[in-house]
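What follows is a single structure, written as structure tokens, with notes after it.
So you know, we letter chains A, B, ... as the sequences are listed, proteins then strands, and number each from 1. Fair warning: this is a prediction, and the values are worked out from it, not measured in the lab.
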Amino acid sequence: MKSGKLWSWIIFGLGAAYFLVPLLATFEFSLRIRREGYTFDAYTSVFSDGRFQASFSYSLIVGVCAIVIGLLIVVPAAYYVRLRAPHLRPIIEFITLLPLIIPAIILVFGYIRMYNTSSPLPLLGTNLGTDILLTLAYVALALPYMYRAVDTGLRTIDVQTLTEAANILGANQATIIARVIFPNIIVAVLSGAFLTLAIVIGEFTIASLLNRQVFGVYMQNVGANRAFEPAALAVISFVITWGAMGMIQLLARFAPKTARRD
Amino acid sequence: MAEELPRREFLRIEKLVKTFGGNQVVKGVDLSFDKGEFVSLLGPSGCGKTTILRMIAGFERPDSGRILVEGKDISGLAPNQRKIGMVFQAYALFPNMNVADNIGFGLKIAAMPKPEREARVEEMLKLIGLSGYGKRYPFELSGGQQQRVALARALAPSPRMLLLDEPLSALDAKIRVSLREQIRQIQRELGITTVFVTHDQEEALSISDRIVVLNTGNVEQFGQPFEIYNRPQTRFVATFVGTLNTLNATVADAGAKTVSLGGTTVTIPALPATARNGEAVALTMRPEAVSLANGTARDIVLDGKVAEVSFLGSVIRLKVDLGDNAVNLDTFNDQRTPPPAHGAPVRIGIASSDVLVLER
Ligand SMILES: Nc1ncnc2c1ncn2[C@@H]1O[C@H](COP(=O)(O)OP(=O)(O)OP(=O)(O)O)[C@@H](O)[C@H]1O
Ligand SMILES: [Mg+2]
């Protein structure tokens, strides 16, 4: 019994070390920009870099737009499939998995062919058009996570009965989704949102081929030209991702107050 | 009796048919309910009770037939246009809203101004005996309380009709009885036409103005509880509602309405004219129509032995073995005389006028 517990701790320790040692090493390295000793100068230099601020806020805006558009598509779709067309679920699940199967590079070459300046819909001809295209690409990229998160949320509530209860009280479909379904799956929706944000913040391929200055592209640039700042950036992006994950956990903790069902 | 009041038809169902994947579950149902009436749909699982209710609510579209409310066909209306209140078996309170918001939901949809809405919610909370519970969330309530909130939520927008689909079946026995009385009392107070689905015959008998007994998508009988219980029109109704004794007998003389039962010949007024001499018939009667024949004037007297004694509190149910037949009978628990012992010889009496002869 005791040795069993000891072994599980040893395995846990090894696993944790496998993840944490490189991270700690990176962190330690990022502090050694000066000979005299550890400083946070690399971080100061990153944060004061105008391109960092610009690329990070750009990524954030695109991410939030992708989340909003994604939710407007995914929530009604997942809701409808659960309520009216459960036989379509395997097909829908397969479609939402496509972005994981098809590499981003293929997606982006497809976009470039479809929407170039000599195409019927020349989105790539303008900056705004390219921004829109990038956002939509991220919506597609986030689809597998978003759909699964929302679908899991829907599974925890009795979608049909709640819908009918609201319907017979006079509510129409849009009202039912907005006032009854959505508030009850908000935790699942937010976890999908934070996952999407984490993906968007780190994305490189699509943005770089569409020539957008996103955070991922900035990281790559800095990485190619500097020594200590990339380490600091790596730590920063870890903190952001983990922060997002932590938010999901935190929200799940608060969930029972409103979302628990008998 | 209700006959003295002028009857006003409120809901009319005509030749309603519904099929699910080749399986006809509602087979041409015709019904007519009066305004303010409390009607139960009673029947075994799968007989189509819920399906009929859902067609009235608009959640299912009938294959054919019409549903009319006050003479107007509502088939074309979506559920949210029908002004019907509904209570579900699974409570179906909105988990993200507190009790007051749940009750006020329909009013909010109808764009009732806030002060009026709050007053109405208060009124409803009082009606269901949950004043002061407005700020609680559904998960903080017991099942019975949740179902009362669901009732208040359904009634708040003053619907023209109330539908309840087995609202009590998830609750335990004590609460079930008190809540059904409360539902009935509220229904009387508001005078709202109500359709109540249940598979519990005792529940239906105790609270309904009239009962629709359904079997495999057909109406078997539609009538007041005492009619359903005392004068079942089909074998199904007789056996499904209440306990029924069946005695096998042979027709002795169809013209004189006599049968031979356990060696004696008795007259059965209810023997149908179509009976033929020598034919086997099933005589049925309720346990309370049979008594221990200690001097009581019952015209059918049979001898047997006590086979089972079940003590039910104020009543003792005996099973008496009559040789080729057995009957259940109820006697009052008389505290001065002990119940008959197991195996004791007894004589039973049956009034021939209480005997029904069921068609197959
Ligand atoms: N949406 C549906 N699709 C297919 N079959 C259905 C559907 N709804 C009901 N049925 C079938 O129709 C029949 C009647 O169902 P219904 O729910 O009306 O019965 P019920 O009398 O309410 O029974 P219970 O007491 O079990 O609730 C059942 O055989 C059921 O399997
Ligand atoms: Mg049912």
For A:P183 and B:N96, work out which heavy atoms get closest and say how close. CB-ND2, 3.2 Å
Crowding at CZ, B:F20 (>12 non-hydrogen neighbours, <6.0 Å): yes
Checked B:N98, B:V87, B:I109 vs chain A; the most non-hydrogen pairs under 4.5 Å come from B:I109
Measure A:Q160 against the heavy atoms of chain B and call it side chain, backbone, both or neither at under 4.5 Å. side chain
What part of B:A110 is in contact with chain A, defined as an atom under 4.5 angstrom from a non-hydrogen atom: side chain, backbone, both or neither? neither
B:R153 versus chain A, heavy atoms under 4.5 Å apart: side chain, backbone, both or neither? both
Any non-hydrogen side-chain atom of A:E164 less than 4.5 Å from a side-chain atom of B:M86? no
Ignoring hydrogens, what is the shortest heavy-atom contact between B:P157 and A:L169? Give both atom names and the distance. CG-CD2, 4.1 Å
Heavy-atom nearest pair, A:A171 first then B:N80, reads O-ND2, 3.3 Å
OG1 of A:T163 to CZ of B:F59: how many Å apart, nearest 0.5 Å? 9.0 Å
Grab the two heavy atoms, one from A:L162 and one from B:F94, that are nearest each other, plus how far apart they are. O-CE2, 3.7 Å
If you compare all heavy atoms of B:A92 against all heavy atoms of A:T161, which two are closest, and at what distance to 0.1 Å? CB-CG2, 3.4 Å
Does NZ belonging to B:K83 count more than 12 external heavy atoms closer than 6.0 Å? no
Quick check for you: to the nearest 0.5 Å, what is the distance between A:N167 atom CG and B:Q81 atom CD? 9.5 Å
